[in-house]
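Every chain is numbered from 1 and lettered A, B, ... according to where its sequence line falls, protein lines coming before strand lines.
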2 protein chains.
Amino acid sequence: MASEDRRRRATVNDVAVEAGVSRGTVSRVLNGKRYVSSESRAAIDAAIAKVGFVPNGAARSLVMQRSQAVGLIVHEPSSLFIEDPNIGSILLGANEALSEADYQMACLIADSSRDISRLSNYLSGGLIDGVIIVSAREGDAITRAVSRLDLPTAFVGHPRDIGNAAYVAIDNQTAAQAITSRLASTGRRRIGMIAAALDRDSGADRLAGFRAALGNDFDPALVESVPLYSYRDGQEGMRALLQRAPDIDGVFASSDALAAGALEVLHLAGRRVPEDIGIVGFDDSSWAMRCDPPLSTVQQPATSLGRAAAEAVLRQIRGEAPMQNAQMLECPIVWRNSA
Amino acid sequence: MASEDRRRRATVNDVAVEAGVSRGTVSRVLNGKRYVSSESRAAIDAAIAKVGFVPNGAARSLVMQRSQAVGLIVHEPSSLFIEDPNIGSILLGANEALSEADYQMACLIADSSRDISRLSNYLSGGLIDGVIIVSAREGDAITRAVSRLDLPTAFVGHPRDIGNAAYVAIDNQTAAQAITSRLASTGRRRIGMIAAALDRDSGADRLAGFRAALGNDFDPALVESVPLYSYRDGQEGMRALLQRAPDIDGVFASSDALAAGALEVLHLAGRRVPEDIGIVGFDDSSWAMRCDPPLSTVQQPATSLGRAAAEAVLRQIRGEAPMQNAQMLECPIVWRNSA
DNA sequence: GTGAAAGCGCTAACAG
DNA sequence: CTGTTAGCGCTTTCAC
């Protein structure tokens, strides 16, 4: 074990000495600047390899006032973070875009109030150049903290209170309206909804779309509100609906997981799908194909959402004019056999 | 919009001037040191609030040689990262422990070779005090990069080539052996296995346990190897097994997702579970209860794994003697109705 | 082309 | 108890 080496990492200075040049010159080659003789460059490259130099990010961030890193904050009730199929895709999409631009993505979890205060310090500490916020809710402590921060920011989704911050989202209302209409067009007369997460823009908008599609046929008694986009809440919601309106013949579930739970309850209740009752979901997550019958649903472009949010942040970091503050992505209906 | 303020953040100096003291004193109250008069303290607190001071993390990291942040690297094929139910729990567990110790957790994704080289720079840049590595494979580029780094490290799981680095894991082999034996004790004669991820310690060990449990009854023809712990691979694996050995009456699937896929194929093939064939899984993830019948499986303590790994890194950061390099967590069998 | 010098914002050691 | 003085490791003018 090289005991001395462990204590202190090599610095630019060590490299400069080893190569017989000055720190300035080393810095120049490190940053790919012109005006360095090829001899110096070669000597420096060799020295870097020899002493095992790796630039110190803290020092660099300090002087350059940027860190080449952007944070992605996930603020979910623990249980959902684990199961939500969209989160993973959003992460991957954002990471792809950031990676291409040579930025490091750091995903930060906001799971407690303690997390939130530590986070807002971290974010304003100069270790992060921008931030993407996933699944924020209105009146969210994180949203408030970030908006005070004056940091390049983009939201995935659109809580109402983010001022004119950039966001990329899907038009939940239009999509919900479209799929509900499509469900209605299969001849259903008594269409209900399992509506989740009404405290979020996505949840509230999907309900609004459902309502708009039904117009005068809308019956509040046929809407069951549940807290989460989860399988379990889908079961609960469907049970409640079945009890309250045994003659129900169509259901729009706010998410595929919800629909899968509902489907299970329907099977147990002996209702045939789609013969007796049609059901549609939202997300086109891995749940959709796994259901029996496969779910008709709205395809949510999760990867693209992540990518677009990352690009929005990158543009702000570079000081470019925002292409547009709001960006809406298409989400086509995928029609399968559940309705 | 306060246009000037946006340009430059307040520094310790601004606070010092505002409060009529020196930077040193400001620094003292910032770090909660003793020997500050209550008048100075009050004046400084007021000044901090007035100028809106937030400490600069880069500067602080640079001088203190630590950042109060630890990275958690997830290295998964994209698809799995999205679905693996354990990852989320591990993250949450690690975040909890780190948060309590006032460390910021940053989750870093390794999804491409570009990611990996950027990551290893990031990790050695002084912006991170330690690292937790989830789901590494043997011969993994990330593992190699990190082991060169001389950074406090803990693995979740146990690739063979991590030297004497700390790790926390479950004893996959013993657990697999136990549940296979239990399955055998229900009177099954022809027991097969859907074995996934044999390039990982977890996958290989589960197979070894299966084999050990069966002893002389072990029949290689009854093992189907698939790449991932996924629902889809479970379907494929079961189909292959059914074709090769129609008389099969028991299956150990390497994960609950696999088992769920297998169950689906079994239903389609008209086999009754558990009457005609018994099936057991691994993880006790949300899949298990969702299956019909609910899965008998091995309960994996994912949250505790995350927590323990975090604590191991924290101990190294603090320079404390490691309690033990290897830490094995219990994972009890949960017996339900699928066998 | 390259060296010297001046900080980035902060903490720590040392006088007072 | 508090001010002063050095840097942490790096980039960046500005002369030469």
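- Look at CG on A:L62: it is 9 Å from C1' on D:dC8, rounded to the nearest Å.
- The nearest pair of heavy atoms linking A:A16 to A:R23 is CB-N, 3.8 Å.
- Mapping A:V21 and B:G24 onto DNA chain C via the closest heavy atom, the residue that lands nearer the 5' end is A:V21.
- Side chain of A:S37, nearest nucleotide from C:dC10, D:dC8, C:dT2: C:dT2.
- Distances from the side chain of B:F53 to the nucleotides C:dC10, D:dC10, D:dT2 place C:dC10 closest.
- Annotation: of the two residues near DNA chain C, B:K33 and B:A59, the 5′-most nearest-nucleotide partner is B:A59.
- One can place CZ of B:R34 at 12 Å from C1' of D:dC1, the figure rounded to the nearest angstrom.
- A donor-acceptor pair under 3.5 Å links the side-chain atoms of A:N325 to the main chain of A:N164, judged by distance alone.
- The side chain of A:Q65 contributes no N or O atom lying less than 4.0 Å from OP1 or OP2 of D:dT11.
- The nucleotide whose nearest atom lies closest to any side-chain atom of A:S27 is, among C:dC8, D:dT12, D:dC8, D:dT12.
- Using a 4.0 Å heavy-atom distance criterion, B:N31 is classed as a sugar-phosphate-only contact.
- Phosphate contact (OP1/OP2 of C:dT2, side-chain N/O of A:S40, threshold under 4.0 Å): present.
- Nearest nucleotide to the side chain of A:R60, out of D:dT11, C:dC10, C:dG1: D:dT11.
- Distance from the side chain of B:R28 is smallest for D:dT2 among the nucleotides C:dT11, D:dT2, C:dT2.
- For the pair B:S22 and D:dG3, the criterion of a side-chain N or O lying under 4.0 Å from OP1 or OP2 is met.
- The nearest heavy atom of DNA chain D to B:G20 and to A:V26 marks one nucleotide each, and the one closer to the 5' end goes with B:G20.
- When distances are taken from the side chain of B:V63 to each of C:dG7, C:dT2, C:dT11, the shortest belongs to C:dT11.
- Side chain of A:R114 to main chain of B:S99: a donor-acceptor pair is present (N/O by atom type, distance under 3.5 Å, no hydrogens or angles).
- A sub-4.0 Å separation between OP1 or OP2 of C:dC10 and a side-chain N or O of B:S61 is absent.
- Separating the CD atom of A:Q68 from the P atom of D:dT11 is a distance of 12 Å, rounded to the nearest angstrom.
- If you check C:dC8, D:dT2, C:dC10 against the side chain of B:Y35, the one that comes closest is D:dT2.
- Checking C:dA12, C:dC8, D:dT2 against the side-chain heavy atoms of B:M64 singles out C:dA12 as nearest.
- A donor-acceptor pair under 3.5 Å is absent between the side-chain atoms of A:E311 and the main chain of A:A97, judged by distance alone.
- When rounded to the nearest whole Å, the span between CZ of A:R23 and P of D:dG9 equals 11 Å.
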